[in-house]
Amino acid sequence: MEIKEKTIEDQKVAIMNYKGSLSDMEVLIGKLTGWVEVEEIETIGDLFAIFYNNPRTAKENEVVYDVGIPINPELDPDETEEIRIVNIIEHKVLSGIHKGSLDKIQETYNTMAEYSIENKYDIIGSPKEVYIKNKFEVENEDDMITEIQLPVIKMG
C-alpha cells in the first residue's frame, strides 16, 4: 500500500454529527444524499466519515462520528436540524488507500500508524474515511475503495 502526504484544500461540506451505532451510518447517508438530491446541491467529492472515537472499540451505541460530503463552495444552502454546512480549512494528511471490505480496515490503519511513527509524523486529529467506491456502488464488497486520511504535522 502506498502512503503519501498530501494537502487537503479548504472545503465546504454538508455534514451530520452523530453519536450512536456505526450501523446507523446507512440511514445517515440516506438522509444526507436525499437532502442533496431534493435541494439540488452540487457536490464536488465523495461521501466521507470522520471518527472521534474508535468504532471498533467503542460501545455499540457510543460511536461518535460525522458523515459528510463536499459541496460547491459558492453555494449557501439552508441548514436543517440534522445537516449543517461547515468549512474545513486546508490541512496536511497522510493518505492511504484501503481496498476491500471495511471489516479489515483496521489493518490499513495499523500500517498507516506505523508509517507515521517511522517517518516522524504526528497524527493531530481525527481520521477521515473517504468512500471512493462504497458498498452502494459495487456488487462485491471486495471492490470497495476507501481512502483513509490522517491529519498530521511533520516532526523534525
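As the structure is a prediction and not an experimental result, all values here were calculated from the model.
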So, [X] side chain and [Y] main chain: donor-acceptor pair closer than 3.5 Å or not?
| X | Y | result |
| --- | --- | --- |
| Lys154 | Asn119 | yes |
| Asn72 | Glu74 | yes |
| Lys133 | Asp143 | no |
| Glu137 | Asn134 | yes |
| His98 | Gly96 | no |

Is the number of heavy atoms from other residues, nucleotides or ligands within 6.0 Å of [atom1] ([X]) greater than 12?
| X | atom1 | answer |
| --- | --- | --- |
| Asp10 | CG | yes |
| Lys120 | NZ | no |
| Glu139 | CD | no |

[atom1] of [X] to [atom2] of [Y]: how many Å apart, nearest 0.5 Å?
| X | Y | atom1 | atom2 | result |
| --- | --- | --- | --- | --- |
| Leu94 | Lys4 | CG | NZ | 11.5 Å |
| Glu2 | Tyr115 | CD | OH | 8.5 Å |
| Lys12 | Ile41 | NZ | CD1 | 10.0 Å |
| Tyr121 | Glu5 | OH | CD | 3.5 Å |
| Ile69 | Gln11 | CD1 | CD | 10.5 Å |

If I compare all heavy atoms of [X] with all of [Y], which pair ends up nearest, and what's the gap?
| X | Y | result |
| --- | --- | --- |
| Glu90 | Thr7 | CG-CG2, 3.5 Å |
| Val152 | Val93 | CG2-C, 3.9 Å |
| Leu150 | Met112 | CD1-CB, 3.8 Å |
| Ile89 | His91 | O-ND1, 2.8 Å |

Single-linkage hydrophobic cluster [X]~[Y], side-chain heavy atoms < 4.5 angstrom:
| X | Y | result |
| --- | --- | --- |
| Leu22 | Ile50 | no |
| Ile88 | Val64 | yes |
| Val13 | Ile71 | no |
| Ile83 | Tyr18 | yes |
| Ile132 | Ile29 | no |

Side chain proximity check, [X] to [Y], heavy atoms < 4.5 angstrom:
| X | Y | answer |
| --- | --- | --- |
| Thr33 | Leu47 | yes |
| Ile15 | Phe48 | yes |
| Met144 | Leu102 | yes |
| Met1 | Ile97 | no |
| Glu129 | Ile105 | yes |
| Asn110 | Gln106 | yes |
| Met16 | Trp35 | no |
| Pro73 | Ile44 | yes |

- Test side-chain hydrogen bond (donor to acceptor under 3.5 Å, both in side chains) applied to Ser95 - qualifying residues, sequence neighbours left out: Glu147

- Task: Could you note down all residue pairs passing side chain to side chain donor-acceptor pair (under 3.5 Å) where residues 57-71 supplies at least one of them, sequence neighbours left out?
- Result: Asn17-Asp66, Ser21-Glu60, Tyr52-Asp66

- Task: Might you work through the side chain to side chain contact (heavy atoms under 4.5 Å, CB included) test for Met25 and Val67, ending with a clear yes or no?
- Result: CA-CA 8 Å; Met25 186 182 290; Val67 174; 3.9 Å; yes

